[in-house]
Structures are given as C-alpha cells and as structure tokens.
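Here's the structure, in structure tokens; my notes come after.
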Protein chains: 2
Amino acid sequence: MITLTEENYIKAIYHLGNNGEETVNTNAIAEVMQTKASSVTDMIKKLSEKKYANYKKYQGVTLTKDGRFVAVNIIRKHRLWEVFLVEKLNFSWDEVHEVAEHLEHIKSEKLINQLDAFLEFPKHDPHGDPIPDKEGNFQHIEKIVLAKAEIGAVYKCVGVDDTSSSFLKYLDSNNIGLGTIIKIKHKEPYDNSIKIELKDSEIVVSQNVAKNLYLKKV
Amino acid sequence: MITLTEENYIKAIYHLGNNGEETVNTNAIAEVMQTKASSVTDMIKKLSEKKYANYKKYQGVTLTKDGRFVAVNIIRKHRLWEVFLVEKLNFSWDEVHEVAEHLEHIKSEKLINQLDAFLEFPKHDPHGDPIPDKEGNFQHIEKIVLAKAEIGAVYKCVGVDDTSSSFLKYLDSNNIGLGTIIKIKHKEPYDNSIKIELKDSEIVVSQNVAKNLYLKKV
DNA sequence: AAATATTTTTAGACTAACCTAAAAATATTT
DNA sequence: AAATATTTTTAGGTTAGTCTAAAAATATTT
C-alpha cells in the first residue's frame, strides 16, 4: 500500500524533475512539501525501498517507472476533478486547485474512469494542462509564452502559469480564456508590452501578463 | 483540526448510539472500528478533551452537540456522494458505500453545497436514507420493516437495513428497488415468509428478506 | 588547493494511532 | 454475598512522519 504522504512526495518529485525526467535535490522537495530536508531524506529512502525512486546518497533522486506511473495517475485524477469542479459544480478556474489536491487521492479505478466518461473524456484541465488517459499517456502540446510570440502570427490561448485569482479575473474581464484566438500586432521594446488582436478588439497587455499566458500556434 | 480517524470514530459513535442519542460502550466501537478496546479508550479520551464526546470512565460515551454536528455533516457528505455515484457515474447501489467512505472526508463547504445543488437537493440516498441539509436537519420518515406490514395493505419500498452486495443483488433480480410499490398478500406463520404482489408478478420472500426491507404506507 | 559555504545525512526525540498484557472496575452466576 | 466472567482502563511499546542539532559530503570562493 502507498500512503497519502508517499503519493504527495512522488508527485512533487515528478513535477520538480520536469515530468520525471531530471534528478531532483532534497532541498527543492523540502520547499514544495513545506517540510525539512531531514524529513525528505527519510522519505526518499522509503520510496527507494519501495521501488518508486532511485536514490544515491548526496546525489539527488529520480523516479522509477513505477514512480512515474503513480505520479501520472495522481495527475490524471487531479485534472479530471478540476474539470468536474469547473464544468459541473460552477467553480471558477482559480478555486479548483485546493479541493482537487484532496480528491486526487481517492483510490477507485471505477470512480475515475466513470468520471472521465461522464466528463466526455476531456483532453485538458481548466488551466490548459493535458489529462493523461487510463494508460498514463498524454500529448505534450508545445506551448510558448506570449512574451516570446512572433509578430504577425496567430495563436490559441492554451494555459496560464500564474493561477492566482487576480490574474484569472483579469483575463476573464478582457475576454481571454482557453481557446481564445489572438494575433500578435506589436511588441513595444520600451516596456515589453504587447498589442494583441482579439475577435472584436485590440488590447495592449503588460509584460507581466505576457509572461504568464501560454499560447500554441494555429 | 479534526483528523480523519477522529471523524470515523465520531461517525461510529453516532450510528451505534442510535443517531447520537444513546450511550455507547467501548467494545462495540472497537468492533465496528476493527480495532482493540484499548485503542478506543485512548481515542474517546481525546474526543472528550476536544469536546466532541462526554466520557466517564467505565460508563461509556455519548456525543456532545459539536460531536453530533460533525457526525451529521459526514453523513450528509456520504449520502450526497452516494447519490452522485449512482445517478451520474452509473454505480449500482451496492458499489457506492466503499468509495463514499473516502469521499465523505473531503473538507470543502463549497464542494458539498454545489454538489447538493448539482444533484437538485436530493432528500434520500440510493438506499433510502435521508440526507441532512446544510444546517444538519433531516426528516425522519416513519418506515416499517416488511416483516411487520399488514396483510392487504399497499406500501412503497423506501430503504434497506442490510446493504450487503448479495442482498441488494437479490432485490435487483426480483425487480425490487426504491420506490417499488408492493401489496402484502399473505404471511405464512410456519416460516414467517411473506407473499407479496409486485407490478407484474407475485413472489414469496423469506423472513430474512422481510426483516431487511423497509416500507412506507401509501 | 585551501578555506568557506551550502547541501545532505545521521542521530535522537516527538506525536498520533495503534498494539499486547496486566490491572481495575463492573456485571453476572452461583 | 462470594466467586466468576466480562468489560474497560492503564502501562509500556511500535510505526509513520515529523522535528532539531550536529556531522559529513559536496560545491564555491578566494
């Protein structure tokens, strides 16, 4: 059996290691887990014994295949619940994360697969992140940040980095959401603001915004 | 903060004490919690310190008002999730209990109230048990057990006592579910079996069945 | 390459929830 | 009411996950 705490460590290692690809160091885990490095060392040892992680003293940690599978499954559950909360229970996209952190640990194959079907097999969560399927596969869309978009090109909004309530509300008030099509009109070198064209308007967004909005070329 | 284990003990005390009304003894709790009496004593002391329970050594335990409120809230969550699982995710009524045991511990006011609204404020769970509202109030329907029904009278099935998978499957296979209308044809004194009339059939059910099916006069 | 700084690990201790075994209180039989 | 049985509590110990403080390894600066 895998405990709730173990699951959370595995998830943290997965995210910190760029989807389970890179080695993660102890202090980084301690920070996201809000705990002390010594506790992390203890847990890494346990995960290593249980074959979820590869660990060599002082050399950081990576996930095993089993560990990655656990991580991807938790992420699948987290993102499906987020879709449920937004689409069915009228949560706004900035309210879902905390509740989903708890729901993601409910262990029932049937529950999550039926939920997936009920939601009609969504491919992305409300923040634009991809949802792994039953087998743990998911397509990685190559998104770029608005700040690095090309002038003249047309893009679709596919996600955000900052999920703060204020940012998401700002986007809502400017009619920018997931799927919104925009065209890059002008980049102002002075303050790195960007003029973009929307369906029926043209707006200028600050550098801050440009750094936190993800796009995909269309 | 209240822990998951504390919540489960409170729920057990509530149910064992006939909805928080009667005194519950240590061994009974140990049995339903699948643990030892000494562990129960430890926990009761803790619940008592936290003002969820009234405890006097060797005299058993009752819930305080706070304790009852916690219990009713967990029951509200449990039953709402059961409705969700059956109505939206196509679980059958014998599959829901275990998953709901986990879902009932998710702590989010908004989640549960929105779920309630999404399900259109159901009054009963899939087994016919009443669902408390936000304030913890719920109406107690005066149900009787089939074994005590009057010959010739017409009833509606409103609940079950035994929620085992085998019993629920037996009912399904005989086309008996919540809301099914039945008429009492005959009571056999020899073995206490009962002949009942359904929509398009007449069947004889054993004493066992008669003791576990709840009815309401129509 | 030596000195210093940082990171990581070890050692020993804490809490929540559990256990076993024995003692104490209560209940039941004779 | 004395003897016996049952229930409940206490005492002391275990495990998972956490902590602090000190030691060890690694990395960085001079």
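Lettering of chains follows the sequences in order, A, B, ..., and the numbering in each one begins at 1.
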- [ ] Applying salt bridge (charged side-chain N to carboxylate O under 4.0 Å, His left out) between Asp116(A) and each of Arg76(A), Lys134(A), Lys77(A), report the one that passes.
- [x] Arg76(A)

What integer distance in Å separates [X]:[atom1] from [N]:[atom2]?
{"X": "Gln59(B)", "N": "dT8(D)", "atom1": "CD", "atom2": "C1'", "value": "10 Å"}
{"X": "Ile44(B)", "N": "dC18(C)", "atom1": "CD1", "atom2": "P", "value": "12 Å"}
{"X": "Glu31(A)", "N": "dT7(C)", "atom1": "CD", "atom2": "P", "value": "11 Å"}
{"X": "Asn25(A)", "N": "dA27(D)", "atom1": "CG", "atom2": "C1'", "value": "12 Å"}
{"X": "Glu6(B)", "N": "dC18(C)", "atom1": "CD", "atom2": "P", "value": "10 Å"}
{"X": "Met33(A)", "N": "dC19(D)", "atom1": "CE", "atom2": "P", "value": "10 Å"}
{"X": "Leu47(B)", "N": "dA16(C)", "atom1": "CG", "atom2": "P", "value": "13 Å"}

Task: Of all pairs that satisfy salt bridge (charged side-chain N to carboxylate O under 4.0 Å, His left out), the ones with a partner from residues 117-133 of chain A, not counting sequence neighbours - done: Arg79(A)-Asp125(A), Asp129(A)-Lys143(A)

Task: Any residue meeting ring pair (Phe, Tyr, Trp, His ring centres under 6.0 Å) with His124(A), in chain and number order, not counting sequence neighbours - done: none

Identify all side-chain donor-acceptor contacts of residues 50-66 of chain A below 3.5 Å with residues at least two apart in sequence or on another chain.
{"unit_1": "Lys50(A)", "atom_1": "NZ", "unit_2": "Met1(A)", "atom_2": "O", "d": "3.0"}
{"unit_1": "Lys50(A)", "atom_1": "NZ", "unit_2": "Glu6(A)", "atom_2": "OE1", "d": "3.1"}
{"unit_1": "Lys50(A)", "atom_1": "NZ", "unit_2": "Glu6(A)", "atom_2": "OE2", "d": "2.9"}
{"unit_1": "Asn54(A)", "atom_1": "OD1", "unit_2": "Thr62(A)", "atom_2": "OG1", "d": "3.1"}
{"unit_1": "Thr64(A)", "atom_1": "OG1", "unit_2": "Lys51(A)", "atom_2": "O", "d": "2.7"}
{"unit_1": "Thr64(A)", "atom_1": "OG1", "unit_2": "Tyr52(A)", "atom_2": "O", "d": "3.2"}
{"unit_1": "Thr64(A)", "atom_1": "OG1", "unit_2": "Asp66(A)", "atom_2": "N", "d": "3.3"}
{"unit_1": "Thr64(A)", "atom_1": "OG1", "unit_2": "Gly67(A)", "atom_2": "N", "d": "3.0"}

Task: Salt-bridge criterion met for Glu7(B) and Lys107(B) (N-O under 4.0 Å) - done: yes

Can you pull every protein N or O that's under 3.5 Å from an N or O on nucleotides 10-15 of chain D?
{"unit_1": "dT10(D)", "atom_1": "OP1", "unit_2": "Lys57(B)", "atom_2": "NZ", "d": "2.6"}
{"unit_1": "dT10(D)", "atom_1": "OP2", "unit_2": "Lys45(B)", "atom_2": "NZ", "d": "2.4"}

Open item on the list: By the side chain to side chain donor-acceptor pair (under 3.5 Å) test, which pairs, at least two apart or in different chains, include something from residues 19-31 of chain A?
Closed with: Asn18(A)-Glu22(A)

Open item on the list: Using a 3.5 Å limit on both distances, find every run of at least three consecutive Watson-Crick or G-U pairs that involves DNA chain D.
Closed with: C:1-30 with D:1-30

